[in-house]
2 protein chains.
Amino acid sequence: MMLTAHRAPDRNAYRIPAAVLAAPAATPDTLLEPLGPGVQTVRFDRDEEVFFQGGQAVDCFEVVAGCVRTVRLLEDGRRYIGEFLFPGDVLGCEMAGQYEFGAEAVTPTTLRRYRISAVEERAARDLGFAQRLRRHSACQVRQAWGRMILLGRKTAAERIASFLLEMRDRIVPSARGAFREAFELPMSRGDIADYLGLTTETVCRGLAELRQRGVIAVNRAHVTVLDAAGLTHAGSDQVH
Amino acid sequence: MMLTAHRAPDRNAYRIPAAVLAAPAATPDTLLEPLGPGVQTVRFDRDEEVFFQGGQAVDCFEVVAGCVRTVRLLEDGRRYIGEFLFPGDVLGCEMAGQYEFGAEAVTPTTLRRYRISAVEERAARDLGFAQRLRRHSACQVRQAWGRMILLGRKTAAERIASFLLEMRDRIVPSARGAFREAFELPMSRGDIADYLGLTTETVCRGLAELRQRGVIAVNRAHVTVLDAAGLTHAGSDQVH
DNA sequence: CGCGGAGTTGACCTAAATCAACCACGGTGG
DNA sequence: CCACCGTGGTTGATTTAGGTCAACTCCGCG
């Protein structure tokens with residue numbers, strides 16, 4: 001299937017750690033694949049809204065290409081970005097009733113659209129599918145906990161280092177043969193700031209600091225990790 | 001069953017919003033109840049460890065009485081509290097492999113202990129059970145998102161107000177007939193601080209501020225919400 | 001060539017952390 | 001029965017990380 005070309009072959013698409021991957025032989029390629037065929041493919045331009053906070057939750061999506069952000073707003077305009085989604089990631093399938101946050105395309109994006117009701121209906125009769133869904137949510141929960149200690153207890157510098165490490169592991173280098181330590185950030189500094197609970201300026205200063213210390217090279221969107229160990233240390237991301 | 005006496009009758013124990021509760025008739029009382037009988041009941045003293053961060057994840061728990069906190073530590077001692085658990089809440093059942101955080105008793109606590117493997121095994125053959133588990137994780141994910149905007153974008157005063165609102169809704173007044181706006185906080189100011197990403201002192205000052213404005217009355221553990229609307233406003237917890 | 005928006009850098013300010021008393025109880029033991 | 005701690009809570013003074021405001025740079029584009 002051509003879709004797999006969009007994903008890094010060695011990484012598991014729905015982020016299930018190796019320990020949980022004692023999966024049965026015929027695991028589908030992506031979480032929602034079993035719901036095809038008859039799936040709609042939809043495209044969104046940069047900054048276009050995929051769905052909005054408070055809207056009736058009817059569809060969920062799988063990213064085929066591009067990058068999507070989820071956003072929550074406080075009424076005075078403060079914005080928080082819940083996560084960035086890359087090819088293979090799934091969006092909105094734990095929503096019930098209303099979307100609790102909005103979703104917008106960071107770059108021109110291709111998504112596959114599924115009905116949440118179809119997901120629910122399938123889960124109600126297919127145990128394997130239900131199990132994979134459950135594991136997906138469990139992963140989301142564990143990831144969320146990681147984000148909380150980042151937001152609650154880490155300094156600006158640590159958050160930025162952690163962010164770079166996360167992106168290094170999640171962004172597939174666009175250039176064929178480009179090595180893993182070099183990648184293009186699809187999102188703006190403002191997006192990064194709203195993801196990390198900081199401001200644009202603080203993100204810039206943090207990146208500048210890391211550059212001056214020779215840990216990374218940055219030029220606009222292009223980032224190269226020069227000293228991975230140094231970056232891991234700067235992020236306090238010990239694998240306890 | 002006697003356990004229900006420990007829970008507020010009008011609130012759904014595993015926090016599934018009404019919209020999702022289109023449940024089949026015979027819904028069990030608590031999430032893990034179907035796994036009984038033969039469940040062990042275990043007790044923990046104040047500050048005793050239920051399980052520790054990094055340990056092999058084999059058991060999960062349901063709170064019968066008392067209050068439990070989940071803790072994550074950075075190696076330099078910074079602490080973050082993921083959540084407080086009250087009677088009816090369930091703990092650790094989305095763990096795979098290792099516990100990603102520790103759990104400690106905030107007060108003397110009674111828990112029912114289940115094997116994670118038993119939960120998995122039951123989920124693998126009981127669709128209804130799997131569905132409830134899945135909804136439980138989905139709720140956890142949605143709650144986590146709420147916590148993230150709190151940590152990433154709210155001021156100290158707003159966090160404290162939000163916290164009080166959460167506790168008002170989750171803590172069952174101990175005194176029979178005590179009205180809902182008065183409750184006892186089982187956790188210390190330090191615990192609250194680590195839950196909100198603040199310090200003890202800032203929590204104290206925030207509470208003092210709300211007291212001076214006549215929004216609440218506080219005396220040590222005892223809190224009374226005098227002006228619920230004012231508190232909601234102070235917390236920026238609009239129901240969008 | 002001039003415009004406009006993202007990114008960067010600098011100067012300054014403020015919310016919350018840190019550091020330091022101090023208070024208010026709830027035991028404990030004389 | 002009451003003095004004595006000790007622990008958690010509160011309040012005040014000071015410091016600081018990061019936010020705010022403002023200038024300026026660097027492209028990309030018509």
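Predicted model, so just to flag it, every value in this text is computed and none were measured. Letters go in sequence order (proteins before strands), and every chain restarts at 1.
- Straight-line distance from the CG atom of A:Asp76 to the P atom of D:dG19: 15 Å, rounded to whole Å.
- Taking atom CE of residue A:Met187 and atom P of nucleotide C:dA6, one finds them 16 Å apart after rounding to whole Å.
- As a whole-Å value, the separation of B:Glu184 CD from D:dG8 P is 18 Å.
- Atom-to-atom, NE2 of A:His222 to P of C:dT8 comes out at 14 Å; the value is rounded to the nearest Å.
- Take A:Arg159 and apply the side chain to side chain donor-acceptor pair (under 3.5 Å) test, not counting sequence neighbours, and it matches no residue.
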> Just by protein heavy atoms under 4.0 Å, how would nucleotides 10-25 of chain C read 5' to 3' in B, S and -?
Replying inline: BB----SSBB----B-
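- At whole-Å resolution of the value, CD1 in A:Ile192 and P in C:dA6 are 14 Å apart.
- A:Ser236 and A:Lys154 share no donor-acceptor pair across their side chains, judged by distance under 3.5 Å alone.
- Considering only the side chain of A:Arg211, C:dT9 comes nearest among C:dG7, C:dT9, D:dT11.
- Rounded to whole angstrom, the span from the CG atom of A:Leu210 across to the P atom of C:dT8 amounts to 12 Å.
- Relative orientation of the B:Phe61 and B:Phe51 rings is parallel, given thresholds of 30° and 60° on the angle between their planes.
- To the nearest angstrom, P of C:dT9 lies 12 Å from CD of A:Glu209.
- Screening B:Asp89, B:Asp194, B:Asp47 for a salt bridge (charged side-chain N to carboxylate O under 4.0 Å, His left out) involving B:Arg69 leaves a single residue, B:Asp47.
- Comment: B:Arg153 does not engage A:Asp76 in a salt bridge, judged by the lack of any side-chain N to carboxylate O separation of less than 4.0 angstrom.
- Residues A:Arg78 and B:Glu158 are paired through a salt bridge, judged by an N-O separation under 4.0 Å between the basic side chain and the carboxylate.
- Whole-Å rounding puts the A:Arg189 CZ to D:dT20 C1' distance at 20 Å.
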